[in-house]
Amino acid sequence: QVQLVESGGGLVQAGGSLRLSCAASGRTFSNYVMGWFRQAPGKEREFVAAITWSGLTTLYTDSVKGRFTISRDNAKNTGYLQMNNLQPEDTAVYYCAATRSVSALRVTVAYDYWGQGTQVTVSS
């Protein structure tokens, strides 16, 4: 089992920044791919970014490329999502997730463990 706890969400004006953290406990965090997803009201949960166990490979959805950066610190069992130039359309609950899989990382079913989510609200 891997337990994931997100933090760092909040209310920010358009153009602002936030850094989300995902603290992991349980099994060895460094053995897992970490992903970030988000879910806006009335919408399905969507992929945001993922990072492999080594941190050498990252994936992003097109809408956040150049604005968001995913990273991890395996020594601290923590993953991060740095979000810059936030826009109102980024408003959602953000979830971190973990998986031993190395394929289909953009889909929710690939992930075995999920955090409870943290709210990000961007005002215009």
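Residue indices begin at 1 and follow the sequence shown. Everything numeric here is computed off the predicted structure, so don't read it as measured data.
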Do Arg72 and Trp53 meet the cation-pi criteria used here (NZ or CZ under 6.0 Å from the six-membered ring centre, within 45° of the axis)? no

What heavy-atom pair brings Asn84 and Ser17 nearest, and what distance separates the two atoms? OD1-OG, 2.9 Å

If I compare all heavy atoms of Gln1 with all of Gln3, which pair ends up nearest, and what's the gap? CB-NE2, 3.4 Å

If hydrophobic clusters are built by linking Ile, Leu, Val, Met, Phe, Trp and Tyr wherever their side-chain heavy atoms come under 4.5 Å apart, do Phe37 and Val93 end up in the same one? yes

Could you report the tightest heavy-atom contact between Ser101 and Ala110, atom names first, then the distance? CB-O, 4.2 Å

May I ask you to test the Thr69-Tyr80 pair for a side-chain heavy-atom distance under 4.5 Å? no

Is there a side-chain contact between Thr91 and Gln119 (heavy atoms, below 4.5 Å)? yes

For the backbone of Ala92 and the side chain of Arg38, can you confirm whether one donor and one acceptor N or O come within less than 3.5 Å of each other? no

Taking the side chain as C-beta and beyond, is there a heavy-atom pair between Tyr95 and Thr118 under 4.5 Å? no

Here the gap from Tyr111 atom OH to Leu4 atom CG, rounded to the nearest 0.5 Å, amounts to 11.5 Å

Reported CD-to-OG distance for the pair Gln87 and Ser123, which is rounded to 0.5 angstrom: 10.5 Å

Report the hydrophobic cluster partners of Met83, with the cluster defined as I, L, V, M, F, W, Y residues connected by side-chain heavy atoms closer than 4.5 angstrom, directly or transitively. Val12, Leu18, Leu20, Phe29, Met34, Trp36, Val48, Ile51, Tyr60, Val64, Phe68, Ile70, Leu81, Leu86, Tyr94, Val120, Val122

Please report the interatomic distance CG(Leu59) to OG1(Thr52), rounded to the nearest 0.5 Å. 8.5 Å

State, without any angle test, whether Thr78 and Asp73 hold a side-chain donor-acceptor pair at a distance under 3.5 Å. no

Could you check whether any side-chain N or O of Ser30 sits under 3.5 Å from a backbone N or O of Asn74, counting only pairs where one atom can act as donor and the other as acceptor? no

Within residues 99-124 or reaching into it, pairs that qualify as salt bridge (charged side-chain N to carboxylate O under 4.0 Å, His left out) - sequence neighbours excluded: none

Atom pair CD/SG of Gln116 and Cys96 - distance to nearest 0.5 Å: 7.5 Å

Contact between Thr99 and Tyr113 at the side-chain level, heavy atoms closer than 4.5 Å - yes or no? no

